[in-house]
Amino acid sequence: MASAEHSPFRIVHAVCPHDCPDSCAVLVTVDDTGRAVKIQGDPTQPVTQGFLCGKVAKYLDRVYSPDRVLYPMRRKPGAAKGARQPGREKEAFERIGWDEALDEIAARLQETAARYGSESILPYSYAGNMALLGFGSMDRRFFSRLGASQLDRTICSQAGGVGWSLVYGRKLGTPTEDFRLAKLILAWGANIHGNNIHLWPMIEDARRNGARLIVIDPYRTRTASLADWHIAIRPGTDAALALGMMHVILNEGLEDRSFIAERTHGFAQLAQRVREYTPERVAHWTGMTAAEVEQLAREYATTRPAALRLNYGIQRAEYGGAAVRAVAMLPAVTGAWRHRGGGAVLSTSGGFQWNKEAVERPELAQASPLGRPGRVVNMSALGEALTTLGDKPADGPRVHALFVYNSNPAAVAPNSNAVRRGLMRPDLFTVVHEQFFTDTTDYADYLLPATTFLEHTDLQSAYGHYHLQISRQAIEPVGEARSNVWLFGQLAQRMGFVEPCFRDTAEEMVAQALSIGADGHSANPGMEHITLEELDRKGHIPLGFHREPETHPFLPYTEGELATPTGKIEFLSETLAATGLDPLPSFTPAFESRWSTAAKEFPLEFLGRKADHYLNSTFANLDGHRKMEARTSQRLEMHPDDAAARGIQQGDRVRVWNGRGELHLTAMVPLDGELASVPRGVVAGRLDWAKLHPEGVNQNVLTSERLSDLGAGATFYSVLVDVERA
Ligand SMILES: Nc1nc2c(c(=O)[nH]1)N[C@H]1C(S)=C(S)[C@@H](COP(=O)(O)OP(=O)(O)OC[C@H]3O[C@@H](n4cnc5c(=O)[nH]c(N)nc54)[C@H](O)[C@@H]3O)O[C@H]1N2
Ligand SMILES: Nc1nc2c(c(=O)[nH]1)N[C@H]1C(S)=C(S)[C@@H](COP(=O)(O)OP(=O)(O)OC[C@H]3O[C@@H](n4cnc5c(=O)[nH]c(N)nc54)[C@H](O)[C@@H]3O)O[C@H]1N2
Ligand code: SF4
Ligand SMILES: [Mo]
C-alpha cells in the first residue's frame with residue numbers, strides 16, 4: 001500500500017476477481033473521505049500493462065450504483081416469487097437487520113437438515129468472485145461441516161480441464177508474455193478481444209515481428225476479423241480437425257521424432273488412429289476444404305515458435321473433452337513445447353499450488369451429521385436437481401434449501417425453463433447473497449448484500465498468467481454489504497459450529513493459503529520466495545519458475561516427470577481405457593448437431609455465446625455496459641442463406657425455438673458485401689439478464705442439460721433450434 005506523503009489520496013493494490021483469464025492488477029485511488037475516486041490497471045504488472053478492459057474501467061459505476069443490494073432483506077408474506085420489473089424488485093422484500101437475517105436463516109437450515117437430512121441443502125456458487133477466499137474458503141468449511149450436498153462446479157471449464165489433464169497431468173502452458181516471441185499464433189476457440197484482451201498486445205508485438213495469426217472459430221469475432229486467416233469451422237468438429245492435422249503432419253514427416261520418443265506415451269497407437277482422419281474426411285465434417293486442412297497442418301508444423309491459444313470455447317460441446325484432448329496433443333507431436341514462445345495454453349491455474357486443504361478444510365465433513373462428505377450434485381443440471389432429483393430412492397433427499405452466492409443461475413444455467421420451475425417450488429427455501437437485484441434474487445426468500453472487490457481483502461491466482469497477487473480492501477463496505485468469508489463465518493457460529501476455524505479472519509486465511517511459515521515465507525511449491533510483506537508492497541509477484549523469464553524461460557512439460565500415470569505426455573490414456581472409454585482421441589458428432597436425427601426437426605446449430613461487454617451475466621444491468629453491447633444485444637445473427645430460406649431480413653423479429661423453450665430476437669443478417677458472422681447452418685446469440693428481455697427469458701431457455709463426454713460439463717454450444725419470422 002503506497003501513499004505519497006501529505007497527499008489526500010491513498011493508492012491501494014487490488015485485483016479484478018471476475019472470471020477472466022487476465023486477473024488484472026488494479027490500483028484504486030481513495031480520497032480522504034474514504035471514497036474510491038479512480039481505478040486503473042497497474043503499469044508494473046507485466047500482463048495488465050497498465051490498462052483495464054472496457055467493462056472494469058467503469059467499475060466505480062458498479063461499486064457506487066444506486067441499484068446495489070444495500071442491506072439484508074426478507075420476502076414479504078404473500079409476495080410471490082418470480083421475475084420483477086427492473087427497479088421494482090425491492091417491493092417484494094422487507095428490510096431486516098443482519099442479526100435477524102442470520103438467526104432466521106440458521107434456524108431454517110437446521111430445521112431443513114433435521115426434517116429432510118442435511119443433503120437436502122444445496123450450495124450454488126461459481127466464479128462471480130474468482131479470488132481464492134471469495135471463490136471457496138469459509139463457505140466450503142461451512143457446507144462440509146453442515147453435511148450439505150456438494151456442488152460439482154462443472155459449468156465452465158470441466159470438460160476441457162479433464163481433457164487437458166489426461167494428456168499433461170497439470171494445467172500449465174506457455175506464459176502469456178512469451179506469445180510476443182511466436183511466429184505463428186493459433187487462436188482456437190478463443191475470443192481474445194472479447195474475453196482475454198491482455199493477450200492482444202503480445203500478439204500485436206509478435207505480428208510486428210512477422211508472426212501470422214490464425215483464428216479457428218465458427219463465429220467471426222473481432223479477433224477473427226483482424227486475423228491473417230479466419231477458419232470458420234463448424235461447431236463441435238475441432239477434434240476432427242486436430243486429428244486431420246496430425247494425419248498430414250505424420251504423412252509428411254513433420255513430427256518431432258526425438259521429442260515424441262523422450263517425452264510422450266502411446267505415439268504408435270496415435271499414428272495408427274490418425275490414419276482414418278484424411279483431409280477429405282475432415283473437410284466433410286468441418287466445412288473446410290481438404291487443401292485448407294493440409295495448409296494449416298503444414299504451416300503449424302513448420303513455423304517456429306508456434307503458440308496455440310486454446311480457450312474454453314471448444315469444450316462447451318458434447319464432445320468438448322475429446323476436442324480439447326486432441327488439440328492439446330498438437331504441440332507434443334510437433335515438439336512446439338521446446339521453443340520459447342511456442343507451445344500451448346488452455347489455463348495456467350496448475351502453476352498455483354496454494355494450500356487448498358488448509359483453506360477449505362474438507363475433513364470437517366467427518367464432524368457433520370453424515371460423518372462423510374455429502375452427495376455430489378452437478379451444477380450444470382440445476383433444473384434437474386431442483387425438479388426431479390429425489391424421485392428415485394437412490395437419489396437421496398429432494399433439494400429443500402438452495403444457498404446461492406457468486407452466481408446468477410436463473411440467467412446462466414442451461415435449460416432455464418426447468419431451473420425456473422425449480423426455483424418456483426413452494427417448498428424450496430432460497431437464500432441469495434448478491435451485489436445486485438439479479439434474475440436469481442427474484443426467487444430469494446432471504447436476500448443478503450455482498451461486497452465488491454474494493455470492499456474486502458483477498459488473494460488471487462489466475463488462469464491466464466503466472467503472477468500471484470493480493471487484493472486489499474480499499475473502501476468500507478457500501479451499505480451493510482458483507483464478504484462471503486464474513487457471511488459463512490457468522491452463519492457457522494449461529495449454527496453452533498464450535499470449530500475455531502470458523503472464527504478465522506480473511507487475513508489469517510490468506511496466510512493459510514500461502515502456508516506462511518515462521519520465517520515469513522510461503523512453503524508452497526513455486527511460492528517459497530514469497531512473503532506477505534513483499535506481496536503487499538508490490539501487489540503481484542511471479543511464481544518461482546517464471547521469475548527470470550529472460551535467463552530461465554519456463555518451457556512447460558519439457559523436463560522431468562509429468563503428473564500423468566506414465567509420467568509422460570499421454571497420447572494414449574490407460575485411465576480412460578480403465579473406465580471403458582476410448583484411450584485414443586477421436587471425433588464424434590454431437591447428439592444436437594447437423595448430422596443428428598434431431599436436426600430434421602431443428603436444423604440450425606445455435607451458439608449461445610457470451611457478450612463482449614458483460615462478464616457472463618455480470619454488468620448486464622448497468623446502462624453504460626448495455627450501451628456498449630447495444631449492437632448485438634437481443635439479436636440473432638444468421639447466415640444470409642438461412643435467413644433467405646425463411647424469408648427473414650435484417651431487423652425482422654424472429655422466433656427461435658426448440659423442444660425446451662423459445663424466445664423472440666431481432667435478426668441480424670449481413671447486407672450485400674458484408675461478411676457473415678456465422679457459417680451456413682449456424683445462428684448465434686448473446687447472454688443477457690432474462691428480466692431485461694420483454695419476455696423475461698434469455699437464450700438459456702434453449703440450451704440443454706446434457707453433459708459433456710469428459711468431466712460432466714455444460715454443453716452450451718451443442719444446441720439445435722429452428723427460426724421463423726415472428
Ligand atoms: N467480455 C467477456 N469476457 C469474458 C466473459 C464474458 O462473458 N465476457 N466470460 C469469462 C468466462 S466465464 C470465460 S470461461 C472465458 C471464456 O472465454 P473463451 O474461452 O474465449 O470462451 P467462449 O467465449 O465461450 O468461446 C470462445 C470462442 O469459441 C467459439 N466457439 C464456439 N464453439 C466452438 C467450436 O465448436 N469450435 C471452435 N473452434 N470455436 C468455438 C465461440 O464462437 C467464441 O468466439 O471468458 C471470460 N471473459
Ligand atoms: N448461454 C450461455 N450460458 C452460459 C455461458 C455461455 O457462454 N452461454 N457461459 C457459462 C460460463 S463459462 C460460466 S463461468 C457461467 C458463469 O455464471 P456465474 O458464475 O453465475 O457468473 P455471472 O453471471 O457473472 O454471475 C456472478 C454473480 O456473482 C455476483 N458476485 C460477484 N462477486 C460476488 C461476491 O463476492 N459475493 C457474492 N455473494 N456474489 C458476488 C455478481 O454480482 C453476479 O451477479 O455462465 C455459464 N452460462
Ligand atoms: S474483466 Fe478481465 S480484462 Fe477486465 S479488468 Fe477484469 S481481469 Fe482485466
Ligand atoms: Mo466461464
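Read the numbers this way: they start at 1 and go in the same order the structure lists the ligands and their atoms. The structure displayed is predicted, hence computed values, not measured ones.
At least one heavy atom of Thr451 lies less than 4.0 angstrom from ligand 2.
Residues meeting the salt bridge (charged side-chain N to carboxylate O under 4.0 Å, His left out) test with Arg626, sequence neighbours left out: Asp688.
Salt bridge present: Lys691 and Glu89 bring a charged side-chain N and a carboxylate O closer than 4.0 Å. Looking at Glu318 and Arg706, a side-chain N of the basic residue comes within less than 4.0 Å of a carboxylate O on the acidic one, giving a salt bridge. The residues Glu360 and Arg141 are annotated as not salt-bridged, no charged nitrogen and carboxylate oxygen being separated by less than 4.0 angstrom. A salt bridge is absent between Asp612 and Lys55; no separation between the charged side-chain nitrogens and carboxylate oxygens falls under 4.0 Å. Comment: Glu605 engages Arg594 in a salt bridge, judged by a side-chain N to carboxylate O separation of less than 4.0 angstrom. Electrostatic pairing of Arg68 and Glu455 counts as a salt bridge here, judged by a charged N lying under 4.0 Å from a carboxylate O.
Within the 4.5 Å cutoff, the side chain of Leu447 has heavy atoms near those of the Val69 side chain. For the pair Leu60 and Ile39, the minimum side-chain heavy-atom distance is below 4.5 Å.
Among the candidates Tyr319, Phe587, Tyr277, the single residue satisfying the ring-ring contact (aromatic ring centres under 6.0 Å, His included) test with Trp285 is Phe587.
In terms of polar-atom proximity, defined here as any N/O pair under 3.5 Å, His456 makes no such contact with ligand 2. Residue-to-ligand polar distances keep Thr438 apart from ligand 2: every N/O pair is separated by 3.5 Å or more. When only interatomic distances are considered, the shortest N/O to N/O separation between Thr703 and ligand 2 does not fall below 3.5 Å.
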Tyr405 and Tyr124: CA distance, side-chain angles, deciding distance, ring-ring contact (aromatic ring centres under 6.0 Å, His included) verdict = CA-CA 7 Å; Tyr405 54 104; Tyr124 197 91; 9.2 Å; no

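Which parts of ligand 2 touch Arg62 is read off a 4.0 Å heavy-atom cut-off, strictly below it: atoms 41 (C), 42 (O). Ligand-side atoms of ligand 2 in range of Asn408: 20 (O), 25 (O), range being under 4.0 angstrom from any heavy atom. The contact set between ligand 2 and Tyr405, taken as ligand atoms under 4.0 Å from a residue heavy atom, comprises 38 (N). Close approach of ligand 2 to Asn700 is summarised as follows: ligand atoms under 4.0 Å from at least one heavy atom of the residue are 1 (N), 2 (C), 3 (N). Proximity to Ala450 (heavy-atom distance under 4.0 Å) selects the following atoms of ligand 2: 36 (N), 37 (C), 38 (N).
For ligand 1, the protein residues placed under 4.0 Å by at least one non-hydrogen atom are Asp19, Lys55, Cys156, Trp188, Gly189, Ala190, Asn191, Gly194, Asn195, Ile216, Asp217, Pro218, Tyr219, Thr221, Ile233, Pro235, Gly236, Asp238, Asn311, Tyr312, Gly313, Ile314, Arg316, Tyr463, Leu607, Arg609, Lys610, Ala611, Asp612, Tyr614, Leu615, Asn616, Tyr717.
By the criterion of a heavy-atom distance under 4.0 Å, neither the backbone nor the side chain of Arg482 is placed next to ligand 2. Contact annotation: for Asn484 versus ligand 2, heavy atoms closer than 4.0 Å belong to the side chain alone.
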